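Keep in mind that what you see is a predicted model, and the values were worked out from it rather than measured. Scope of the values below: all heavy atoms of this structure, side chains included, with no hydrogens, waters or symmetry mates.
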Amino acid sequence: MNPIKIETFTRFQFASNPTFAPDGQSIAFVVQYADLKDNNYKGDLYLYDCAKDRTVRLTTAGDAKSYVWTSRGTLLFPADRDKKAGRGGKGSGKAGEGAGAAGEAEADGSAGTGGQEEFSTSYYEISPRGGEAVKAFTVPLKGNGMYRVDEDRYLITATVELEKRAVGKDEAFEAVDEIPFWFNGKGFTNGLRNRLYLYRVSTGELTPVSEETADVSSFSVRGTKVLYKAYPWTDIHNLYDGIYLYDMETGENKCLLEKDIRRTGMIGFWADREAVVASSVENPHGNGKYMDFYTMNLDSGEMKLLTEYDYSSGSGSVGSDARLGGGRTVKTADGSCYFVTTRGDSAHVYVIRQDGSLEGVVTERGSCDSFDVQDGHMVVCGLYGDKLAELYLDGRQITCLNDMSQWDVRPRKEYSFTAKDGVSLTGWVMTPAGYEPGKKYPAIFHIHGGPRTVFGTVFHHEMQMWANAGYFVFFTNPRGSDGFGTEFGDINGRYGTVDYDNLMEFTDYVLDHEPDIDKARVGVTGGSYGGFMTNWIIGHTDRFRAAASQRSIANWISFEYMSDIGHTFTKNEQAAFACEDVDKLWLHSPIRYIENCKTPTLFVHSEEDYRCNVAEGMEMFAALKVLGVETRMLMVKGETHELSRSGRPRNRIVRMKEILNWMDKYLEPETAGKEER
C-alpha cells in the first residue's frame, strides 16, 4: 500500500450535491478535484443512470461546480466561458446546490465589489445524453444560487451593492460604515447584500423578491409561493432573521415574523398554508439551546410547538478535511420534512411528519453530507468508514470515485470512558504506520473546531498523514461538542473549564491505555476553537512538548471587535460583552496566562481570515517571543478561515509541511527528515 503523504489529497476526487432528475431515472452530481498547476479546484458534472447502473461524465472543462435540473430534463450550470460577459467583472455563480422540484435552497452570498450592473452570470445547458453545453441565457447579476420554479422561471440569489454605498467608491481606499463590514471568505462586504430575484427566461424580466437592504439566507418554494428568511439592515446585522412570504403571481410580500424576535433555523413548506420552522425561545441556555420544531400558519404567522428536539437540524458537523462541494441538507414534501442532523459522532438523515413524529432514515455511522429524496427513493452523498464521499442509493453504494485500498489508511481504536464531571466521552487513537508493539512512538493530540462540531469515524486526510509519518494520533469530543444534546454542548461562559478538563482527562486515559506512546513526546494542535484551546493549554500546562495553534482566538476583548461575527458570537459563547464585563472576557482569554507558557508553539493564520483574525495569532506569537519561548508564525496570503479544508492546494501543502516540520523538530519521530513526507 502507498503511504498517505501531504500531497495525497490532490489525488482524490470529491463528490457532492446529488439530485434526482425530474423523471427520477437518473441522478446528477458534482465531482471536484485539485489542480496543482492552476492552484485551484476544478469541478465537473456527472450522471448516474439508475436503470443501467452506470456513471458517465458530462462535462470536462472543470468549470461546472453546481447546477439545476430544468423541467425538460437537461442540466443548467453557471460558467465563465464568455469573457465579454459583464462590464466590471467576470460572470460567476452557483446554480442552486441541491435545488429540486420540492426542495429548499440555501442563499449563500459571495465575495466581490460592485453592483449588479457591473456583473453578469451566464448559464449553460447540457443534455444528460451528452454533447456540448450551449449558453442558455445571461443574467445581469453576480449570481450565487439558482432554483427552478417552472419551465420559464428561476429564483436567483445574487450579491448586489446598495445604491447609496456605490456612490464615490474608489480603488484607493475602503470606507466602512456598518458592522460586519467584512466576512470570512467574502472579503469586505460593506454595502453588499444577498438579494433574491425572480427571473423569467422568455422575456429576460428580473423582479426583486426581497427588499434592497435585506440579506437572504434561505428559501423554500411551493407552487407560486416563496417562503424565505432575510435580515433587512443598514447599520448593524444582529442575530435573528425575519420570515417572509412572497407570491410570484401577485407580487405580494408579507412579513410573517419580524427580525430579531426569535431564533430560527431551517424552514420549509409542507402544506399550502403551513410551514415547518426550527426555532427556539428564551431559555436558560440562550442560543446554546438546540432548536425545536414548530408549525407556522402562513396566513397569520402564528407558530405552535410541534416537537421538542435536542440536536442540530438542517446541517451536519462531522469534521473532515477531505470533502469539497455542497448540496441539499433539507427537503420538504407533503407532510414530511427530511433533514440532516448530527447525533453522537455522526450526521444522519431524519424525517419529521406533520403529526410531530420523528424517525431516523437508515444511514450508516459516519457523515451524510447531502441527499435527495424522490418517489420513495433516497440518494445520499456521504463519508462512511475509511472511504471518501461516495453516492449511496437506498443504502447501496453506486459510485467508486476513490480506491482507498491502495492507501495505508491507519485503523482507529475507539475508547469510551466516564469523565470526572460524569459525562461519557468517546475518542479514537490511530497507530503509526509500521507500528511495532513494544516500541515507543511520539503522538499528536488533535482538537476540533466549533466548538459545536464533532470528530467521528470518517476519513481525515491530515490525521492519516500524521499517522503515516510515524505518529500516534488521538482525538475526542469534549464538552461543548455537537451531537450530544444542549446540556453537553453548552459551555457559554465556561471556555477553558469543563472542556479543558475533559481534554486533559482524555489525554491521561490514552496515555494509560497506549503504553507505546512516549509521554515525553506528545504534541497538541487544533484550529479555530481548537486553536483557542491550544492557546489555553500552553498557558495552563507544560505537559506537551510542542504545539501548533491554528486560526486561533487569543483575546476575547479584541476578538469581539475584529471578527466578522465577534459582535454576536462573543456574547453567545462567553456570556458577556466587553462593555458589560471586561474582566470575564479577560478571564477566559488565553493571552492572560501567557507568562505560564513554556511550550514551543507554531502559529498558523490566514491573512484574510476575518473569522479569527490574524492579529489573534500575532498577539500570542509576539508575547512568546518576548518571553523567550521558542515560537514561529506562518501567515498565509490570500487565504481565509477555511485554509485547512478548502484553501488553494499549494497553500494547503505549505501549511501541512510547516505543522509536520514543527512536530518533527520537537517530537523526533524516526521518520523525521525523510524526503517527500
**Message:** L141 vs F119, test: side-chain contact (heavy atoms from CB on, under 4.5 Å). Steps then yes/no.
**Reply:** CA-CA 5 Å; L141 293 169; F119 291 93; over 6 Å; no
Can the ring centres of [X] and [Y] be said to be less than 6.0 Å apart?
X    : Y    : value
Y199 : F137 : yes
Y384 : Y392 : yes
F475 : F455 : yes

Measuring only between side-chain heavy atoms, which start at C-beta, is [X] closer than 4.5 Å to [Y]?
X    : Y    : result
T121 : I156 : no
V209 : Y197 : no
I27  : L391 : yes
V216 : K229 : no
Q13  : Q32  : no
F9   : R652 : yes
I659 : W466 : yes
L76  : Y154 : yes

Using a strict cut-off of less than 4.0 Å between a Lys/Arg side-chain nitrogen and an Asp/Glu carboxylate oxygen, indicate whether [X] and [Y] qualify as a salt bridge.
X    : Y    : value
R645 : D321 : no
E639 : R648 : yes
K135 : E125 : no
R195 : D215 : no
D44  : K42  : no
D386 : R412 : yes
D53  : R396 : yes
D150 : R200 : no
E462 : R655 : yes

Any donor-acceptor pair under 3.5 Å linking the side chain of [X] with the backbone of [Y]?
X    : Y    : value
N468 : Q464 : yes
T640 : E642 : yes
D38  : N40  : no
N17  : G326 : no
Q354 : E274 : no
W69  : T74  : no
R650 : L36  : yes
Q406 : D403 : yes

**Request:** Just do the side-chain contact (heavy atoms from CB on, under 4.5 Å) check on E7 and M656 with the steps written out, would you?
**Result:** CA-CA 9 Å; E7 292 84 357; M656 283 188 275; over 6 Å; no
**Request:** Apply the test side-chain hydrogen bond (donor to acceptor under 3.5 Å, both in side chains) to residues T342 and S317: give CA-CA distance (whole Å), side-chain angles for both, the deciding distance (0.1 Å), then the verdict.
**Result:** CA-CA 6 Å; T342 300; S317 63; 3.2 Å; yes
Assess whether atom [atom1] of [X] is packed by more than 12 heavy atoms of other residues, nucleotides or ligands within 6.0 Å.
X    : atom1 : value
E132 : CD    : no
R129 : CZ    : no
E151 : CD    : no
R11  : CZ    : no

**Y610 and W182 aromatic ring geometry - parallel, tilted or perpendicular at 30°/60° bounds** =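 The arrangement is parallel - the two ring planes meet at less than 30°.
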**Request:** Could you tell me whether R54 sits above the aromatic face of Y48, with NZ or CZ closer than 6.0 angstrom to the six-membered ring centre and within 45 degrees of the axis?
**Result:**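 That pair does not qualify as a cation-pi contact.
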**Request:** Please determine if R323 forms a cation-pi arrangement with F12, meaning its NZ or CZ atom is less than 6.0 Å from the six-membered ring centre and no more than 45° off the ring axis.
**Result:**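 No, R323 does not sit over the ring of F12.
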**Request:** Check whether the side chains of T138 and S122 place a donor and an acceptor atom closer than 3.5 Å, and report yes or no.
**Result:**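 On atom types as modelled, these side chains qualify, holding a pair under 3.5 Å.
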**Message:** Assess, by modelled atom type and distance only, whether the side chains of D372 and Y338 contain a donor and an acceptor separated by less than 3.5 Å.
**Reply:**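 Distance-only check fails for D372 and Y338.
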Do you know which two heavy atoms are closest between [X] and [Y], and how far apart they sit?
X    : Y    : answer
M430 : M463 : SD-O, 3.8 Å
T8   : P3   : OG1-O, 4.0 Å
V458 : G319 : CG2-O, 3.6 Å
P18  : C381 : CD-CB, 3.8 Å
R353 : W270 : O-CH2, 3.5 Å
S320 : L383 : OG-CD2, 3.9 Å

**Prompt:** Between K65 and D63, does a salt bridge (charged side-chain N to carboxylate O under 4.0 Å, His left out) hold up when you go through it step by step?
**Reply:** CA-CA 6 Å; K65 296 183 179 181; D63 60 354; over 6 Å; no
**Item:** Steps toward side-chain contact (heavy atoms from CB on, under 4.5 Å) verdict (Y67, T59)
**Value:** CA-CA 12 Å; Y67 67 93; T59 68; over 6 Å; no
**Message:** side-chain hydrogen bond (donor to acceptor under 3.5 Å, both in side chains), that's the test. Do N194 and N144 meet it? Break it down for me.
**Reply:** CA-CA 9 Å; N194 195 46; N144 57 64; 3.0 Å; yes
**Message:** Does H641 form a side-chain hydrogen bond (donor to acceptor under 3.5 Å, both in side chains) with S528? I'd like the steps, not just the answer.
**Reply:** CA-CA 8 Å; H641 198 67; S528 197; 3.0 Å; yes
**Point-to-point distance, once rounded to the nearest 0.5 Å, from NZ of K142 to CD of E161** =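 Interatomic distance, K142 NZ to E161 CD, rounded to 0.5 Å: 11.0 Å.
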**Message:** Assess the residue pair T453 and D482 against the criterion (side-chain hydrogen bond (donor to acceptor under 3.5 Å, both in side chains)); give the C-alpha distance rounded to whole Å, side-chain angles, the decisive distance to 0.1 Å, and a yes or no.
**Reply:** CA-CA 5 Å; T453 63; D482 198 8; over 6 Å; no
**Message:** Just to verify, which of T264, T157, D241 counts as forming a side-chain hydrogen bond (donor to acceptor under 3.5 Å, both in side chains) with S217?
**Reply:**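 Answer after filtering T264, T157, D241: D241.
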**Prompt:** Can N402 and E390 be said to form a side-chain contact (heavy atoms from CB on, under 4.5 Å), step by step?
**Reply:** CA-CA 8 Å; N402 301 279; E390 301 285 355; 4.0 Å; yes
